[in-house]
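So the structure is just underneath, and the comments pick up after that.
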Amino acid sequence: MNRPASAIAGGVAGTAVLLLLLLLLEVETRSAIPVFEVIARFVGTPGDQAVGFVLFTIAGVVAWPLLFIALEPRIPRGPDPASRGVVLGTALWLAFVVTGRGEIGGSLLIIYAGFTLLAHWAYGFTLGAVYGRLLERPGDEAAPSAR
């Protein structure tokens, strides 16, 4: 598979993982941290969770994976795409936690920061792992199948 298609497939898988973890955070905090509301508020449409969901999906499936392949050669952590994905996930988390926390404070802020960091690491790892697995490499077509 080519690089953009591999990255987008990784983005689909990573976004699914991130979505599940962030929804778990929302449920566990009894909707004190409405994830899609945070995204909608960030883009200037507070209260419109549909806009937040659409932007979350487009960014996770298309924008961040394409940014990943553009930056991959410059991302530290060696040749493993999954490790590089974790670095990207950390950068995305920094932006998310700073811009998305809204009125959250106290112990809830610590839970929010820690849980969203783990969720973004899972996103980056999954993005990189799927991308690396699907990526065509020179000589792969000549290798015998392990199946």
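In terms of heavy atoms, Ala122 sits closest to Leu21 at CB-CD1, 3.7 Å. Minimum heavy-atom separation, Tyr131 to Glu72: OH-OE1, 3.0 Å. Residues Thr126 and Gly14 share a closest heavy-atom pair of CG2-N, 3.6 Å. In terms of heavy atoms, Arg3 sits closest to Ile69 at NH2-O, 2.7 Å. The shortest non-hydrogen separation linking Gly132 to Pro81 is CA-CG, 3.8 Å. Contact between Arg84 and Arg77 at its shortest, heavy atoms only, is N-CB, 4.3 Å.
A 6.0 Å sphere centred on CH2 of Trp121 holds no more than 12 heavy atoms belonging to other residues, nucleotides or ligands.
In this structure, CG on Leu18 lies 5.0 Å from NE2 on His120, to the nearest 0.5 angstrom. One finds the OG atom of Ser6 at 10.5 Å from the CG atom of Leu127 (value rounded to the nearest 0.5 Å).
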Would you mind writing out the side-chain donor-acceptor pairs for residues 51-66 within the sub-3.5 Å range, not counting sequence neighbours?
unit_1, atom_1, unit_2, atom_2, d
Thr57, OG1, Phe53, O, 2.9

(request) Test side-chain contact (heavy atoms from CB on, under 4.5 Å) on Phe68 and Val87 and set out the steps. (result) CA-CA 10 Å; Phe68 176 71; Val87 173; over 6 Å; no
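The same ILVMFWY cluster, assembled from side-chain heavy atoms under 4.5 Å apart, contains both Trp93 and Leu24. Both Leu108 and Tyr112 are members of a single hydrophobic cluster when ILVMFWY side chains are connected at heavy-atom separations under 4.5 Å. Leu109 and Leu118 fall within a single hydrophobic cluster, where Ile, Leu, Val, Met, Phe, Trp and Tyr side chains are chained together by heavy-atom contacts under 4.5 Å. Val27 and Val17 are assigned to two separate hydrophobic clusters, defined by single-linkage of ILVMFWY side chains at heavy-atom distances under 4.5 Å.
Here the rule is side chain to side chain contact (heavy atoms under 4.5 Å, CB included) with Tyr123, and of Thr15, Leu19, Val86 only Thr15 fits it.
By the 4.5 Å heavy-atom criterion applied to side chains, Thr116 and Leu25 are counted as neighbours.
Remark: Leu71 engages Leu67, Ile75 in a side-chain contact (heavy atoms from CB on, under 4.5 Å) (not counting sequence neighbours).
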